[in-house]
Amino acid sequence: MTHQSIATIAAQAGNHLDDKKAVALPLYFSSNYRHDSLAEAKNFDPHQGYTYSRIATPNRRALEETMAKLEGGTAGFAVSSGMAAIQLALSILKTGDQVISLDDLYGGDFRYFRYLHAHAGIGFDQWNGKHLDDLIAKLTPHTKIIWLETPSNPMMKELDIAQVAAAVHQQNPHILIMVDNTFYTPVYQRPLTVGADVVVHSATKYLSGHNDLLGGILVCKDQQLAEKYFNYYITTGDTLDSFDSWLLLRSLKTLTVRVKQHTKNAQAVVKYLQADPRIAQILYPGKGGMISFYVKHDQDVAKLLDNVKLITFAESLGGIESLITIPYYQTHADVDIDQRHRLGITPQLLRLSVGLEDAKDLIADLKQALDQ
Ligand SMILES: *Cc1c(COP(=O)(O)O)cnc(C)c1O
């Protein structure tokens, strides 16, 4: 039922699945499942039944099916972290293949790209996201994947996924467009419905939304690609366990209301930051809960980070609790220093994940910290 709205799919996550007719899908703790007969074991379909929990669990499957629907894809994969989802996405590469990525990405991506370059002979190139012609000029016969994030982390670069996908696919329909949709979630953006081939999430962020689990999601459209991913993850075994799958499915039920309220709160905080003379510049794409901003004077960076009381100085994002980080020293410390400066990731840039507290209290907290 792809015509259902995101809110409906999310609210109904896991419903009508339990054979004992439980409304909320129970948590299945079992590493294995019995066979009724030799005939059943011989005809076993790993996409339907259950044998061993690395292959499938009822909780993980419910989560994966829900995510596939939310993203408008055919198959979903739930793994142990966002980085594991990125590893799964790139698992189809062979030595000699090339990936072109946006130049502003989650810091761990670059670390993994460097690893793949050194150990597997994969080529990497970067695009600044400005002119499509520049991206097209970078394509080579070895280009297999275009890797995008929008809005990007932490510079909030925005891309038109449909335009990028159309331009690249016109050159070569076999190049896969992959999008990290962690920041916007399917509530604001469904890359697969506008031409992308693969979507990944750090489910640790908005999808789970409560700062209490680590998880990753991959959703794709193509059946053959889905089969490759399935075989890879049941073999390598970084699949998400039942308990975290259960928690994550539970979180998805409130995804739409949470994300919309994150936006309302972030918009109110942006208004305050715009009016505060101690803030030099704000990067906010207009929706979502993530704000990056430059503080004018170095001493105010320390004032903010040392004195926030309600807001927590911690990495990560997308949860109910507001968090503030300094990407230069934290999330993006592994990005080459020249690249950090070229992108504008300076020691004056802070990133705020606006939570679901009352916006008035968040603003008061920022103000009292700066006033110290
Ligand atoms: C956090 C994050 C990741 C990595 O996810 P983990 O769950 O921490 O492994 C990847 N992409 C983006 C955009 C992120 O914010």
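Note that ligands are numbered from 1 as they come in the structure, with each ligand's atoms numbered from 1 the same way.
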**Request:** Compute the shortest N/O to N/O distance between Leu317 and ligand 1 and return yes if it is under 3.5 Å, no if not.
**Result:** no

**Message:** ring pair (Phe, Tyr, Trp, His ring centres under 6.0 Å) for His201 and Tyr206? Distances and angles first, verdict last.
**Reply:** CA-CA 9 Å; His201 283 271; Tyr206 288 103; 9.8 Å; no

**Asked** Would you say Ser202 and ligand 1 have an N/O pair spaced under 3.5 Å apart?
**Response** yes

**Prompt:** Would Asp365 and Lys309 pass as an ion pair if we require N to O under 4.0 Å?
**Reply:** no

**Asked** Is the shortest side-chain N to carboxylate O distance from Asp371 to Lys367 below 4.0 Å?
**Response** yes

**Asked** Which protein heavy atom lies closest to atom 4 (C) of ligand 1, and at what distance to 0.1 Å?
**Response** Tyr106 CE2, 3.4 Å

**Message:** Within the 4.0 Å heavy-atom shell around Asn153, which atoms of ligand 1 are there?
**Reply:** 15 (O)

**Item:** Arg278 bridged to Asp276 by N-O distance under 4.0 Å
**Value:** yes

**Prompt:** With a 4.0 Å cut-off on heavy atoms, is Val200 touching ligand 1?
**Reply:** no

**Prompt:** Which of the numbered atoms in ligand 1 are below 4.0 angstrom from a heavy atom of Gly215?
**Reply:** 7 (O)

**Prompt:** Is there a nitrogen or oxygen of Asp180 sitting under 3.5 Å from a nitrogen or oxygen of ligand 1?
**Reply:** yes

**Salt bridge flag under 4.0 Å for residues Asp103 and Lys157** = yes

**Asked** Looking at atom 6 (P) of ligand 1, what's its closest protein heavy atom, distance included?
**Response** Gly82 N, 3.3 Å

**Item:** Heteroatom proximity flag, Met83 to ligand 1, N/O under 3.5 Å
**Value:** yes

**Item:** ring pair (Phe, Tyr, Trp, His ring centres under 6.0 Å) evaluation trace for His332 with Phe110
**Value:** CA-CA 9 Å; His332 289 70; Phe110 294 112; 7.8 Å; no

**Prompt:** So, does Ala85 sit close enough to ligand 1 that a heavy atom of it is under 4.0 Å from the ligand?
**Reply:** no

**Asked** Where is the nearest protein heavy atom to atom 7 (O) of ligand 1: which residue, which atom, and how far?
**Response** Thr204 OG1, 2.7 Å

**Request:** Check whether NZ of the Lys or CZ of the Arg Lys138 lies under 6.0 Å from the centre of the six-membered ring of Phe124 and within 45 degrees of that ring's axis.
**Result:** no

**Asked** What is the nearest protein non-hydrogen atom to atom 15 (O) of ligand 1, stated with its residue, atom name and distance?
**Response** Lys205 NZ, 2.8 Å

**Asked** Is it true that Lys69 and Glu65 make a salt bridge, defined as a side-chain N closer than 4.0 Å to a carboxylate O?
**Response** no

